[in-house]
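Computed over heavy atoms, backbone and side chain alike; hydrogens, waters and symmetry mates excluded.
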Protein chains: 2
Amino acid sequence: MPNTFDVLFKTLADPTRRAIFERLCRDGEQTVAALTAQAGVSQPAVSKHLGVLKQAGLVLDRQSGRQTHYRSQPAALAPLLDWTSQMAGFWESRFDDLEQLLKRMDN
Amino acid sequence: MPNTFDVLFKTLADPTRRAIFERLCRDGEQTVAALTAQAGVSQPAVSKHLGVLKQAGLVLDRQSGRQTHYRSQPAALAPLLDWTSQMAGFWESRFDDLEQLLKRMDN
DNA sequence: CTAATTCATAACTCATTGGTTATTGATTTG
DNA sequence: CAAATCAATAACCAATGAGTTATGAATTAG
């Protein structure tokens, strides 16, 4: 049972996959063919990456005839922001602790 | 030639390794033995994870006799914050583009 | 000095995963 | 209808990586 952070980090750890996601963030909705043209890997590879991104909630798809259009869902990045600032936060709060400790030692 | 983002995402994608990093953020400097006691994996496994975290710049180590003390370096998370907010930013700016486009179409 | 402790490294195993080609189902197009 | 296009899936392969046990180097303790 991998948690949200696992899924997000693992999904974004692959450079090819992350590049696809970045492209969707930058340039908006794209078809699989359009993404494949830039990805540097085969169409099935791109499809697999899109499947992983979709599982992670990072992209949404829309069918239209024989094409599938994918778009990013950047809201799914929220937990990542939370986690990162929390880690930085722990750091600061430890400094606060130290500060308070030093103050108390001053008296 | 993996870039900074690759390294960061890959390093944090493993749950055991991320847990070690979280612990260091939360509780401050720890010895390898202390980390091993909580990690649920063997000491060599912990040492390997610490090596990876160190390579990524996420932790620093300090030798003292036969013990090695590790501490987190949360500043190394900065690129992650940047990347994440940039991706969210692209999204918004595309909305802005759309907004401006619609305004222009209004005239 | 010897024994114990701490951590890193080596050597290995097994599972995961990112890639490939081949194929198929579904839709357009001629 | 026949041919072409689009994307997903299947089957397979090779590389990576996280774990293990065994060992060694350095330090501390008895």
For residues 43-51 of chain B, which side-chain donor-acceptor pairs fall under 3.5 Å, sequence neighbours excluded?
| from | atom 1 | to | atom 2 | distance (Å) |
| --- | --- | --- | --- | --- |
| Q43(B) | NE2 | S47(B) | OG | 3.1 |
| H49(B) | ND1 | R17(B) | NH1 | 3.3 |

Item to complete: Give a yes/no answer on whether the side chain of Y70(B) brings an N or O atom under 4.0 Å of OP1 or OP2 in dA8(C).
Response: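 True: Y70(B) side-chain N/O within range (under 4.0 Å) of dA8(C) OP1/OP2.
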Worksheet entry | All pairs passing ring-ring contact (aromatic ring centres under 6.0 Å, His included) where residues 26-48 of chain A contributes a residue, at least two apart |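 Passing the test, one end in residues 26-48 of chain A: no pairs.
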Worksheet item: Where is the tightest heavy-atom contact between A56(A) and A76(A), given as atom of each residue plus distance?
Response: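 Heavy-atom minimum between the residues: O-CB, 4.5 Å.
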Fill in: Nearest non-hydrogen partners of A13(B) and K10(A), listed with the distance
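Smallest interatomic distance, heavy atoms only, reads O-NZ, 3.5 Å.
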Protein N or O to nucleotides 28-30 of chain C N or O, pairs below 3.5 Å:
none

Hey, can you pull the residues of [range] with a non-hydrogen atom under 4.0 angstrom from DNA chain C?
{"range": "residues 7-19 of chain B", "result": "none"}
{"range": "residues 37-53 of chain B", "result": "Q43(B), P44(B), S47(B)"}
{"range": "residues 56-63 of chain A", "result": "none"}

Apply salt bridge (Lys or Arg N to Asp or Glu O under 4.0 Å) to [X] and list each qualifying residue two or more places apart in sequence or on a separate chain.
{"X": "R18(A)", "result": "E22(A), D6(B)"}
{"X": "D82(B)", "result": "none"}
{"X": "D61(A)", "result": "K54(A)"}

Worksheet item: So, the side chain of T31(B) versus the backbone of A34(B): is there a donor-acceptor pair under 3.5 Å, distance only?
Response: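 Side chain of T31(B) to backbone of A34(B): a pair is present.
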Would you kindly give the [atom1]-to-[atom2] distance between [X] and [N], to the nearest whole Å?
{"X": "Q55(A)", "N": "dT16(C)", "atom1": "CD", "atom2": "P", "result": "17 Å"}
{"X": "H69(B)", "N": "dT6(C)", "atom1": "NE2", "atom2": "P", "result": "11 Å"}
{"X": "L35(B)", "N": "dT6(C)", "atom1": "CG", "atom2": "P", "result": "13 Å"}

Discussion item. Could you check whether R23(B) and Q30(B), counting side-chain N and O atoms only, form a donor-acceptor pair closer than 3.5 Å?
Written reply: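 Side chains of Q30(B) and R23(B): pair found under 3.5 Å.
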Worksheet entry | Side chain to side chain, L24(A) and L58(A), heavy atoms closer than 4.5 Å |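 Not in contact.
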Worksheet entry | L8(B) reachable from F5(A) in the ILVMFWY side-chain graph, under 4.5 Å edges |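 Same hydrophobic cluster.
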Worksheet item: Distance from R71(A) atom CZ to C25(A) atom SG, nearest 0.5 Å?
Response: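 Reported value, rounded in 0.5 Å steps: 12.5 Å.
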Worksheet item: Among all residues two or more places apart in sequence or in another chain, which pass the ring pair (Phe, Tyr, Trp, His ring centres under 6.0 Å) test with F9(A)?
Response: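 Applying ring pair (Phe, Tyr, Trp, His ring centres under 6.0 Å) to F9(A) gives W83(A).
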Worksheet item: For DNA chain D, which nucleotides open and close the run of contacts to chain A, 5' to 3', at under 4.0 angstrom from a non-hydrogen atom?
Response: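 So the outermost contacting nucleotides come out as dA4(D) to dT9(D).
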Discussion item. Under the side chain to side chain contact (heavy atoms under 4.5 Å, CB included) test against F21(B), which residue among T11(B), T16(B), L77(B) passes?
Written reply: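 The option that passes is L77(B).
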Discussion item. Suppose clustering is done on Ile, Leu, Val, Met, Phe, Trp and Tyr with side-chain heavy atoms closer than 4.5 Å. Which residues sit in the same group as L81(A)?
Written reply: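 Besides L81(A), the hydrophobic cluster comprises L81(B), listed by chain and residue number.
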Discussion item. Mind checking if T36(A) touches a base, just sugar-phosphate, or nothing, with heavy atoms under 4.0 Å?
Written reply: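 No contact.
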